[in-house]
Amino acid sequence: MRRRDFLKASSLALSYVGFFTAAPINAFGTSLKGQNLLGFRAINASTKDEVIVPSGYEVKPLISFGDPLFSNATPFDESKTINANSIANIAKTFGDNTDGMSLFPLDDERAILCVNNEYINPELLFNDNGKTMDTQKVAYEQNAMGVSIFEIKQGQNGFEVVLDSPYNRRITAHTPMQISGMAKGHKSMQTKADTKGELALGTINNCANGQTPWGTYLTCEENFDDFFGSSDANYQFTKSEKRYGLGTKSTYGWELDSRFDLAKNPNEPNRFGWVVEIDPYDANSTPIKRTALGRFKHENVEIVISKEGYVIAYMGDDEANEFLYKFVSKNKFDKNNPQNNKNLLEEGTLYVAKFEGENLSGKGEWIELSYGKNGLDAKNGFQSQADVLINARLAGSVVGATPMDRPEWIAADEKGEFVYATLTNNKKREIPNAANPRTKNIYGQIIRWSYSKNNHLNTQFNWDIFLLAGNPAKYPNDLRKGTSNITKDNMFNSPDGLKFDKFGRLWIQTDGDYSNKGDYEGMGNNQMLCANPNTGEIKRFLTAPIAAEVTGIAFSSDYKTMFVGIQHPGEKLAPSHYPNGGNSTPRSTIVQIRKKDGGIIGS
């Protein structure tokens, strides 16, 4: 790092450690019990094609898909012309379908924003609504995804993007990436283009994210299977390929690119489904795929520094009946020398969760996923630790992990005492269990866990359900109504995004059914809510435009500006024209929210 960036990372590290300094646990209470955290007036559900926030707040766009990051780029083209120029140009603009994001302060007015661009909506990208695909359209989509990194600066009317900043960068499906950890060089990672299995190209389906105390950004690869298909209709899928959802036909037609054709490159999918570490302070740095954290459909990574100094990474596998994971670093975090931390995610131990209990609470266990332990051996198809990591889902099943209702975001509270996870829904749930108590779960829930003496190194934990989402207006007499903190005034479905602010507020974002009909009557568009974890109180803070998901959240250093992602407005040709109105194409957008009196968000 350059000296000034070293100092920035050092400052970030020190504040991060302070954020997670642990206080003693007292059952399921916290050190902020009794405080009134939710100082805003809750808003009503909405079906309008706009972002609505509480009285006393203002909201405006920061950046939308196709907006330039460089002065030599042209803005989004409503003509949707696809050619060599537009393919190159889209890689110099803000990517599509904004998702997880993190802010890295530079000074009092400037910061770097790192943002995932999860996937694409062909029905909105192309004049034929994506009904046909060719290699040029595939190339355009590949450049529209990945990660956008750019500088923002505060002005009189809010933050603005700094064009041509030395920090500005687009990472796409073609960006070279190092492969690190035990899976590096494994035969399953080797391809014709990379016979050593050490250098992958690109990152795709980047869902949620993480931020390390040593100043790097973690982007998580989720539904990579959507981009692979086979030109051979008789391709024989392995047990692992089936478990990860690979099929003969991709969702997006990318098998037109031979790299994503299983018949021609059967190992290419093994190079996706990882957590990727990026240095936002160096636009010339090579991202690193950290295979020690396991391969699955990653949602986000929540980093906690244990009392002993080890890095704990909590992760969810976002698919019905998949698992929750924990990684513990081999080496300790050095808060005084950030450079010593750059490879902390290179080595460590991966665990998977097992839940037991009744009445929405109980005990759990983290089971080690190490070769040679707990049945992870040749008898069960594992020849090495690399095999375990590449096939983490299969390993989790072997050791008896609990299938969950689509684990999504994970967030640790302001003291690191409790860890919360959204279980967004599971319409495939046939047999309920203590942590997933409803069959055909259409509403979702938030679970949380804690440790004796607040020791994140423990393999035993206590857990309970913080909330069951539901519709008490429609189902007042069974579990579909949700827990008592869900009311007719704040009801929602499919909790997804999750983040604590430094004051202890828990922000909840939804990605659910926005039909406002049947089981979802009264819920309106997707939304963002805020919870007081000490009392269970929940208030609706934001509602999204038509068909949009609310995902990704970051705060300015002074917590007076909140950045929120509005993803896929108008998906499936729903009647949205957000953010520009008229007959414009709807575009994913990051909005910035401020209190009109200049106060702290949420206060």
Side-chain angles (χ1 to χ4, degrees), residues 20 22 25 28 181-182 210 275 290-318 321-333 344-345 347-357 361-377 380 382 385 388-389 391-405 407-413 416-423 433-436 446-466:
F20 282 119
I25 285 182
F28 275 83
M182 297 296 292
V275 173
R290 296 296 190 184
T291 68
L293 276 66
R295 175 174 169 263
F296 41 90
K297 295 184 180 180
H298 287 271
E299 186 73 13
N300 81 320
V301 181
E302 178 72 338
I303 300 291
V304 174
I305 305 299
S306 76
K307 293 187 296 184
E308 300 81 5
Y310 293 97
V311 175
I312 313 295
Y314 292 103
M315 301 167 286
D317 185 353
D318 182 11
N321 301 313
E322 290 298 340
F323 310 132
L324 284 161
Y325 295 84
K326 178 174 83 168
F327 167 86
V328 180
S329 66
K330 177 182 177 181
N331 298 311
K332 292 184 179 181
F333 172 68
L344 280 176
L345 301 181
E347 295 181 89
T349 304
L350 188 66
Y351 299 84
V352 69
K354 181 178 181 179
F355 292 82
E356 296 180 333
S361 65
K363 297 184 179 298
E365 176 186 7
W366 291 107
I367 305 173
E368 186 173 344
L369 296 180
S370 293
Y371 176 67
K373 296 183 179 180
N374 301 314
L376 300 177
D377 50 28
N380 285 308
F382 301 96
Q385 183 62 19
V388 172
L389 296 171
N391 303 291
R393 282 185 168 181
L394 299 181
S397 291
V398 167
V399 304
T402 301
M404 306 296 285
D405 287 349
E408 298 224 39
W409 289 56
I410 301 175
D413 69 19
E417 295 175 1
F418 303 97
V419 185
Y420 292 67
T422 50
L423 303 173
N433 57 48
N436 307 273
I446 296 179
I447 195 170
R448 63 181 177 180
W449 59 89
S450 67
Y451 301 93
S452 174
K453 298 181 180 179
N454 199 27
N455 185 354
H456 287 263
L457 297 182
N458 279 349
T459 57
Q460 307 294 318
F461 58 88
N462 297 313
W463 67 268
D464 73 349
I465 297 290
F466 175 65

Worksheet item: Can you name the nearest heavy-atom pair linking Lys354 to Thr402, along with the distance?
Response: CA-OG1, 3.4 Å

Worksheet item: Taking side chain as C-beta onward, heavy atoms only, is Asn433 less than 4.5 Å from Phe355?
Response: no

Discussion item. For Ser452 versus Asn458, what's the shortest heavy-atom pair and its separation?
Written reply: O-ND2, 3.4 Å

Worksheet, complete the sentence: Taken in chain and number order and not counting sequence neighbours, the residues that satisfy salt bridge (charged side-chain N to carboxylate O under 4.0 Å, His left out) with Arg295 are none

Worksheet entry | Side-chain donor or acceptor of Asn455 paired with backbone N/O of Leu457 under 3.5 Å | yes

Response to the item:
In short, Gly357 meets Ala434 closest at the heavy-atom pair O-CB, 3.1 Å

Worksheet item: Is the backbone of Ala412 close enough, under 3.5 Å, to the side chain of Glu302 for a donor and an acceptor to pair up by distance?
Response: yes

Practice prompt. Taking the six-membered ring for Trp and the single ring otherwise, decide whether the centroids of Tyr325 and Phe296 are under 6.0 Å apart.
Written response: yes

Worksheet item: For the rings on Phe418 and Phe461, is their centre-to-centre separation under 6.0 Å?
Response: no

Fill in: Residue pair Val419, Ile312: steps toward the side chain to side chain contact (heavy atoms under 4.5 Å, CB included) verdict
CA-CA 11 Å; Val419 185; Ile312 313 295; over 6 Å; no

Discussion item. If I compare all heavy atoms of Lys307 with all of Lys453, which pair ends up nearest, and what's the gap?
Written reply: NZ-O, 2.6 Å

Worksheet item: Can you tell me if His456 and Tyr314 form a side-chain donor-acceptor pair at under 3.5 Å?
Response: yes

Worksheet item: Taking side chain as C-beta onward, heavy atoms only, is Leu324 less than 4.5 Å from Trp449?
Response: yes

Worksheet item: How long is the gap from CD on Glu368 to NZ on Lys373, to the nearest 0.5 Å?
Response: 3.5 Å

Item to complete: Could you walk me through whether Val311 and Ile305 pass the side chain to side chain contact (heavy atoms under 4.5 Å, CB included) test, one step at a time?
Response: CA-CA 5 Å; Val311 175; Ile305 305 299; 3.8 Å; yes

Practice prompt. Quickly, which of His298, Arg393, Lys297 forms a side-chain hydrogen bond (donor to acceptor under 3.5 Å, both in side chains) with Asp317? Name it, please.
Written response: Arg393

Worksheet item: If every non-hydrogen atom of Tyr310 is compared with every non-hydrogen atom of Ser329, which pair is closest and at what distance?
Response: CD2-O, 3.3 Å

Item to complete: Indicate yes or no for a side-chain donor-acceptor contact from Trp463 to the backbone of Glu356 under 3.5 Å, with no hydrogens or angles considered.
Response: yes

Worksheet item: Is there a donor-acceptor pair closer than 3.5 Å between any side-chain N or O of Thr422 and the backbone N or O of Trp409?
Response: yes

Worksheet item: Is any side-chain heavy atom of Phe327 closer than 4.5 Å to a side-chain heavy atom of Val301?
Response: no

Fill in: Close side-chain approach of Val398 and Asn374, heavy atoms under 4.5 Å
no

Worksheet, complete the sentence: So CG of Asn391 and CG of Leu376: to nearest 0.5 Å the spacing works out to 11.0 Å

Fill in: Separation between CG of Leu344 and NZ of Lys332, rounded to the nearest 0.5 Å
12.0 Å

Discussion item. Distance check, rounded to the nearest 0.5 Å: Asp405 atom CG versus Ile447 atom CD1?
Written reply: 9.5 Å

Worksheet item: Roughly how far, to the nearest 0.5 Å, is CG of Leu345 from OG1 of Thr291?
Response: 11.0 Å

Discussion item. Pair Phe323, Ser397 - check side chain to side chain contact (heavy atoms under 4.5 Å, CB included), show working.
Written reply: CA-CA 9 Å; Phe323 310 132; Ser397 291; 3.6 Å; yes

Worksheet item: Using 30° and 60° as the class limits, which term best fits the ring planes of Phe466 and Tyr420: parallel, tilted or perpendicular?
Response: perpendicular

Item to complete: Give a yes or no on whether the backbone of Leu369 and the side-chain of Gln385 come within a donor-acceptor separation of less than 3.5 Å.
Response: yes

Discussion item. Looking at every heavy atom in both Ala313 and Leu293, which two are closest together, and how far apart are they?
Written reply: CB-CD2, 4.4 Å

Worksheet item: What distance do Ser361 atom OG and Asn462 atom CG have between them, rounded to the nearest 0.5 Å?
Response: 9.0 Å

Discussion item. As a test of understanding, state which of Asn321, Asn436, Asp318 forms a side chain to side chain contact (heavy atoms under 4.5 Å, CB included) with Met404.
Written reply: Asn436

Worksheet item: Taking C-beta and beyond as the side chain, do Ile410 and Lys326 meet within less than 4.5 Å on heavy atoms?
Response: no

